[in-house]
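Written out below as structure tokens is the structure these notes cover.
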There are 2 protein chains.
Amino acid sequence: MKPAVAAARPPKRCTDCALRVQTCFTQVSATDLTWIETFRSGTRAVPAGQSVFAEQSKISQLFTVYSGWAFRYKTLADGSRQILNFLLAGDLVGLQAEFANKATHGVEALTDVQLCVFPQDGLWSLFQSQPQLGYDITWLSASNEYLVDENLVTVGSRNAEQRVAMLLIDLWRRAERLGLAAPDGSIAFPLTQQHIADALGLSLVHTNKTLRKLERLGLHAIAAGRLRLLAPGALAHMADYYATPMRPVPLL
Amino acid sequence: MKPAVAAARPPKRCTDCALRVQTCFTQVSATDLTWIETFRSGTRAVPAGQSVFAEQSKISQLFTVYSGWAFRYKTLADGSRQILNFLLAGDLVGLQAEFANKATHGVEALTDVQLCVFPQDGLWSLFQSQPQLGYDITWLSASNEYLVDENLVTVGSRNAEQRVAMLLIDLWRRAERLGLAAPDGSIAFPLTQQHIADALGLSLVHTNKTLRKLERLGLHAIAAGRLRLLAPGALAHMADYYATPMRPVPLL
DNA sequence: CGACCCTTTGAGGGCCGTCAAAGGGGGTGG
DNA sequence: CCACCCCCTTTGACGGCCCTCAAAGGGTCG
């Protein structure tokens with residue numbers, strides 16, 4: 001029995017939100033914040049490995065990740081799974097379903113996950129009464145597209161070494177930005193090699209061999225569920241990674 | 001000298017828009033329509049092969065494709081180009097740049113293209129005064145993400161035959177929906193095999209061999225710049241393609 | 001201790017990339 | 001009107017990256 005990953009529930013009051021305090025999130029006005037609080041229909045905890053919502057399912061909710069890791073995926077008829085991107089604190093999911101009538105992809109928890117839940121049918125009234133929040137949601141949607149764009153380039157144009165390097169850099173940066181890096185520069189790394197393979201369009205075996213290769217080269221280390229980048233510059237060079245400055249991001 | 005592809009300019013008045021008449025677009029109120037017209041800063045024609053905007057460029061405009069074909073792409077250091085998705089009439093581009101400060105990808109015209117141009121710095125006032133339009137833009141953004149999601153699955157999880165089949169079906173469906181299919185069921189097909197290769201993450205040579213294979217199997221025919229699907233069912237089965245019902249889409 | 005999941009490694013093969021070169025069609029200039 | 005050029009398409013040969021199959025090793029939990 002694992003020691004329950006005591007991920008704290010989101011507080012009852014959004015004014016007490018431990019996430020929004022982070023400098024990586026944009027400031028929001030007091031009125032907008034109270035509006036968010038009334039808009040929020042509740043919270044939800046999903047244990048590691050469980051589904052947040054399934055592909056093709058009818059969902060009527062939007063979710064913001066409060067803590068933990070998750071991922072979006074699609075499955076093909078032969079059972080192969082493509083991971084579209086990983087979700088960390090602050091990420092918004094469920095918007096596509098608003099426009100497609102049902103979930104166009106599944107979402108699964110990698111670790112125990114805490115979510116803030118919003119009703120989809122309140123979205124229109126949000127746009128009407130709180131244009132700033134509507135604008136923020138559009139921002140988040142465009143950011144999501146950017147993430148997938150990047151992943152498409154990785155899967156379409158990079159070889160196995162470069163793909164793995166990209167994934168490691170990208171996840172590390174995103175986690176670090178959220179203050180999830182330990183003093184030693186390591187971050188929790190809950191992915192199995194199967195997850196990495198599914199995200200990068202590689203086989204499990206080749207993913208393993210590539211990871212070992214980068215590790216032998218001294219570029220990174222994964223141990224005890226933690227990732228450390230030992231040579232970020234070399235990784236970035238290998239992956240043809242261009243660091244883009246990170247701007248504060250809105251949080252719903 | 002080609003006979004100029006006489007793609008008509010968008011009319012001066014949005015009320016005369018030849019595109020919005022299509023049933024695939026949602027109805028918009030008269031007031032919203034006049035607002036769109038004043039929001040629009042002009043139109044722009046881009047000849048085939050020319051850039052609409054370059055990667056990394058600072059742009060301060062949003063574009064709606066009025067007619068013609070274009071594509072979004074990113075380039076790596078080794079010069080390889082990944083096409084993210086193709087753009088047809090009604091598609092909106094430039095939103096990502098609003099949030100990243102510069103273009104995160106390039107856009108290039110495949111055919112002569114006519115664009116409606118909107119100022120980016122008017123976006124916030126749009127959200128404030130016309131919430132319905134803000135909502136529509138979010139819809140379009142989420143739809144774009146859906147497109148890229150699908151392409152990521154194709155490139156990450158399908159073999160060459162399936163990728164080509166997916167591309168042909170997808171482009172045909174999107175064009176047909178816009179009323180671009182001829183009575184014989186063919187659509188204009190301005191892509192070179194290099195474009196297909198760059199979109200699918202395949203080499204030019206292998207793209208050619210795969211196209212010829214599907215053609216020899218009688219699944220499709222490309223001739224005189226036109227594509228016809230000769231066996232849509234077989235193509236869909238090969239590609240593991242699930243037809244999703246198409247809903248009316250907003251148009252900015 | 002055994003079951004299960006994940007990781008790791010080896011062997012062999014196939015899909016697809018690279019290299020090379022010929023063929024076709026349209027535009028341009030002689 | 002023909003020659004030439006350029007771009008795109010097409011085909012063959014060969015090699016390599018990555019997939020599949022197979023099996024062993026380690027860690028955790030019942």
Side-chain angles (χ1 to χ4, degrees), chain A residues 1-5 47-50 76 78-82 108 110-111 154-165 167-168 189-217 220-227 238, chain B residues 1-5 47-50 76 78-82 108 110-111 154-165 167-168 189-217 220-227 238:
Chain A
M1 178 74 184
K2 275 184 198 166
V5 185
Q50 297 293 307
L76 291 185
D78 67 0
S80 66
R81 175 179 68 175
Q82 178 67 43
E108 188 176 310
L110 261 176
T111 66
T154 293
V155 172
S157 304
R158 286 187 241 252
N159 63 27
E161 286 183 11
Q162 297 178 308
R163 294 187 210 185
V164 171
L167 183 86
L168 297 180
F189 194 76
L191 318 204
T192 67
Q193 294 182 0
Q194 185 68 64
H195 290 122
I196 300 176
D198 289 348
L200 298 179
L202 296 172
S203 72
L204 172 61
V205 172
H206 199 64
T207 299
N208 174 273
K209 289 176 180 170
T210 307
L211 274 168
R212 305 286 1 261
K213 185 170 181 181
L214 298 195
E215 206 152 6
R216 267 197 310 275
L217 289 172
H220 79 281
I222 296 175
R226 308 217 115 231
L227 163 69
M238 165 180 278
Chain B
M1 177 75 182
K2 276 183 198 166
V5 184
Q50 298 292 307
L76 291 185
D78 66 359
S80 65
R81 175 179 69 176
Q82 177 67 44
E108 189 176 311
L110 261 176
T111 66
T154 293
V155 171
S157 304
R158 286 188 240 252
N159 63 27
E161 285 182 12
Q162 296 178 308
R163 294 187 209 186
V164 170
L167 183 85
L168 298 180
F189 195 75
L191 317 204
T192 67
Q193 294 182 1
Q194 185 67 63
H195 290 123
I196 300 176
D198 289 348
L200 298 180
L202 296 171
S203 71
L204 173 59
V205 172
H206 199 64
T207 299
N208 174 273
K209 288 176 179 170
T210 308
L211 273 167
R212 305 283 5 261
K213 185 170 180 181
L214 298 196
E215 207 153 4
R216 266 199 308 277
L217 288 172
H220 79 280
I222 297 176
R226 308 217 114 231
L227 163 69
M238 164 180 280

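Only a predicted model underlies this, so the values are computations on that prediction, with no experimental measurement involved. Quick note on labels: first sequence line is chain A, next is B, and so on, each numbered from 1.
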## Note on the structure
Its contact letters, B for base, S for sugar-phosphate only and - for none at protein heavy atoms under 4.0 Å, make nucleotides 7-18 of chain C read SBBBB----BSB
### Summary
Scanning both residues in full, the closest heavy-atom pair of B:His220 with B:Leu211 reads CE1-O, 3.4 Å
### Query
Between the side chains of B:Gln82 and A:Ser157, is a donor N or O closer than 3.5 angstrom to an acceptor N or O?
yes
### Message
To check you understand the geometry: which heavy-atom pair defines the closest contact between A:Leu110 and A:Leu191, and what is its length?
### Response
CD1-CD2, 3.2 Å
### Message
Please determine whether side chain to side chain donor-acceptor pair (under 3.5 Å) holds for the pair A:His206 and A:Ser203, giving the CA-CA distance in whole Å, both sets of side-chain angles, and the decisive distance to 0.1 Å.
### Response
CA-CA 5 Å; A:His206 199 64; A:Ser203 72; 5.6 Å; no
## Note on the structure
Smallest heavy-atom separation, B:Arg81 atom then B:Gln194 atom, equals NH2-CG, 4.4 Å
